[in-house]
Amino acid sequence: MSKHLINPDRCTACTSCIAQCPVTAATRKFRGPKMVGPALERMRLSHDDDEPSLDYCSNCKNCDISCPFGVPVSTLNMLARAKQYQKKKQSLRDHILSHGEQMAKMGESIPGMSAMTNLGMSIGRKLGLLDLVGISSKAPLPAYASNSFIKQFKNLKQQSYPDKVVFFPGCFINYNDPQVGLDFVAVMQQNKIEVLVDEEFVCCGSPLVVNGYLDEARENAEKNTKRITQWVEQGYPVITCCTSCGLMLKQEYQELFGLEAVKTNAKQMYDSMEFLTLLADEGRLNTKFIPINAQYLYHAPCHLRAQGMGLPALEVLAAVPGLQVENADAGCCGISGNYGFKADKYDISMSVGKKLFDTIKQAGVDTVVCDCGTCRLQIMHGAGVKTVHPVSLLRKAYNI
């Protein structure tokens, strides 16, 4: 358990977080971020007290984004939730949703296992077996790819360049959506940059944190921070294509575990589109794009907005001739990592995302651009449209 303390007294009880909390608006079962976070934390400092409402926090970070005093309310919630889980054992459901990397590695080690797992999930969904362990059979669970990104990356033939970056793929891209990682490499190559991948990276720990496995998350944080530090000290930027991974690596490791190296590392860590905007600012971005005559909506993930980098995808994609991408600006999609996969949270998740789904349907677009993998799953599920990562759209514009 983390001994890192955040002072709850920085909260002035202004209620900004409550006004911006999508879960509070969707269900009365959640008492709100201010109450279960800073308010109850003051009491928890003097005596232990369970708060069932904590289980409904999705860790979407909208409370942190809205707080005028910079209180990491969601982090207080996650620390308190982990403390409560010390008294009771997590469910099989929580174990499964928290340890996706272990399951994926196991599946990859046995030929054909990924396909068998996907088939099992499909059958389990149809028969309602997933609901028996607390996973919603209606949720948009991701399928495993037949070959991981790491496995496919090893077979890529890159042009070597003096400029190099280290790519942190994360579990979702590595095991569920490797094409995004391959598209990232292709885009970097078009900008005369070679991509390196460190196979010693492990899951960022976000799924572990939200389900109370804080000790395991700390182990992952320490492993990743050690590796990142070594790359940064060599002068290599570290880049992600997953906004939740990026938030953990650059910010939450320090908030949750007090890892001081994160402060230095964060200066050389970027989201993929953020990094491309820096290249554009330096006049180094390759803008030899083919026209894409299409109109899309863009959904900014909560975990992107929490990093305070603006909307870099919109900046970069604006350079593509004929492409019109409008910001949906319709709030949280509701999925929040694996929150919407849980049987008792599915309806809440869909209620949270309703404004976004309605906005997409009213816009009449057939594709939504989004930086987050699980957000893309939720949007396809809730709005019935196609989705694409901005880096994949950029690869299309390079016509490669």
Side-chain angles (χ1 to χ4, degrees), residues 149 165 167 172-173 177-193 195 239-243 246 270-305 307-333 335 353 355-400:
F149 165 74
V165 298
F167 180 48
F172 188 87
I173 289 175
D177 197 4
Q179 188 59 51
V180 170
L182 299 175
D183 293 342
F184 169 74
V185 176
V187 167
M188 289 295 103
Q189 286 278 282
Q190 287 294 303
N191 287 278
K192 294 182 168 48
I193 296 173
V195 177
I239 302 179
T240 68
C241 283
C242 172
T243 53
Y270 305 95
D271 174 80
S272 59
M273 303 310 289
E274 178 189 23
F275 184 75
L276 289 167
T277 61
L278 295 181
L279 292 184
D281 291 343
E282 296 170 0
R284 298 173 53 204
L285 180 67
N286 177 2
T287 56
K288 295 179 181 178
F289 302 122
I290 64 167
I292 298 180
N293 297 311
Q295 184 173 355
Y296 300 147
L297 275 187
Y298 171 73
H299 170 65
C302 299
H303 288 177
L304 173 82
R305 294 186 293 108
Q307 296 177 57
M309 67 177 71
L311 302 177
L314 291 181
E315 294 181 46
V316 176
L317 294 175
V320 178
L323 183 61
Q324 299 180 50
V325 184
E326 181 181 347
N327 184 16
D329 193 21
C332 180
C333 76
I335 196 71
K355 181 181 177 181
L356 175 62
F357 307 150
D358 289 346
T359 299
I360 293 168
K361 293 172 183 176
Q362 290 167 10
V365 298
D366 66 356
T367 302
V368 172
V369 183
C370 180
D371 316 73
C372 172
T374 51
C375 286
R376 292 196 298 276
L377 290 175
Q378 177 82 333
I379 290 167
M380 287 190 288
H381 176 64
V385 296
K386 295 179 289 186
T387 61
V388 63
H389 191 289
V391 80
S392 299
L393 193 53
L394 205 58
R395 178 178 187 173
K396 181 180 179 181
Y398 281 129
N399 197 27
I400 50 174

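- The existence of a salt bridge linking Arg376 and Asp371 is excluded, since no basic side-chain nitrogen approaches an acidic carboxylate oxygen closer than 4.0 Å.
- By the 4.5 Å heavy-atom criterion applied to side chains, Thr367 and Leu393 are not counted as neighbours.
- Asp183 and Gln179 share a donor-acceptor pair across their side chains, judged by distance under 3.5 Å alone.
- Listed by first and then second residue, the salt bridge (charged side-chain N to carboxylate O under 4.0 Å, His left out) pairs involving residues 310-319 amount to none (not counting sequence neighbours).
- Atom CG in Leu323 sits 9.0 Å away from atom CG in Asn293 (nearest 0.5 Å).
- Looking only at distances, a side-chain donor or acceptor of Thr359 sits under 3.5 Å from a matching main-chain atom of Lys355.
- Put simply, CD1 on Ile400 and CZ on Arg395 are 5.0 Å apart, with the number rounded to the nearest 0.5 Å.
- For residues 357-391, the set of pairs meeting the ring pair (Phe, Tyr, Trp, His ring centres under 6.0 Å) definition, not counting sequence neighbours, comprises Tyr346-His381.
- To the nearest 0.5 angstrom, Ile239 atom CD1 is 4.0 Å from Phe275 atom CZ.
- Distance alone, capped at 3.5 Å, places no donor-acceptor pair between the Glu326 side chain and the Leu297 backbone.
- Using a 4.5 Å cut-off on side-chain heavy atoms (C-beta onward), Cys372 and Cys242 make no contact.
- Among pairs with a residue in residues 290-299, none fulfils salt bridge (charged side-chain N to carboxylate O under 4.0 Å, His left out), at least two apart in sequence or across chains.
- When all heavy atoms of Val391 and Cys241 are compared, the pair lying nearest together is CG1-SG, 4.4 Å.
- Shortest non-hydrogen contact noted between Gln307 and Thr243 is NE2-O, 3.1 Å.
- Asp366 has its side chain within reach of Tyr296: a pair of non-hydrogen atoms, C-beta onward, lies under 4.5 Å apart.
- One distance of note links NZ of Lys386 with CD1 of Ile379; it measures 14.5 Å at 0.5 Å rounding.
- Closest heavy-atom contact between Arg305 and Ala300: NE-O, 3.8 Å.
- Put simply, the side chain of Met380 does not reach to within 4.5 Å of the side chain of Val385, judged on heavy atoms.
- Asn286 is linked by a side chain to side chain contact (heavy atoms under 4.5 Å, CB included) to Gln190, Asn191, Lys288, Tyr398, counting only residues two or more places apart in sequence or in another chain.
- Put simply, CZ on Arg284 and CG on Leu279 are 5.0 Å apart, with the number rounded to the nearest 0.5 Å.
- Minimum interatomic distance between Cys370 and Pro390 (heavy atoms only, all atoms of both residues): O-CD, 3.4 Å.
- Using a 4.5 Å heavy-atom cutoff, the side chains of Leu276 and Met188 are in contact.
- A 6.0 Å sphere centred on NZ of Lys192 holds no more than 12 heavy atoms belonging to other residues, nucleotides or ligands.
- Annotation: ring-ring contact (aromatic ring centres under 6.0 Å, His included) contacts of Phe149 (sequence neighbours excluded): Phe153, Phe167.
- Contact record, Leu356 with Cys333: CD2-CB, 3.7 Å, taken as the closest heavy-atom pair.
- Partners of Phe172 according to the ring-ring contact (aromatic ring centres under 6.0 Å, His included) rule, which considers only residues two or more places apart in sequence or in another chain, do not exist here.
- Formation of a donor-acceptor pair under 3.5 Å by the Glu274 side chain with backbone atoms of Leu278 is not found in this model.
- With contacts defined as side-chain heavy-atom distances shorter than 4.5 Å, the pair Phe184/Leu394 does not qualify.
- Within the 4.5 Å cutoff, the side chain of Ile292 has no heavy atoms near those of the Pro321 side chain.
- By the 4.5 Å heavy-atom criterion applied to side chains, Leu314 and Asn327 are counted as neighbours.
- Between Val388 and the choices Val369, Val180, Val368, the side chain to side chain contact (heavy atoms under 4.5 Å, CB included) rule is met once, by Val369.
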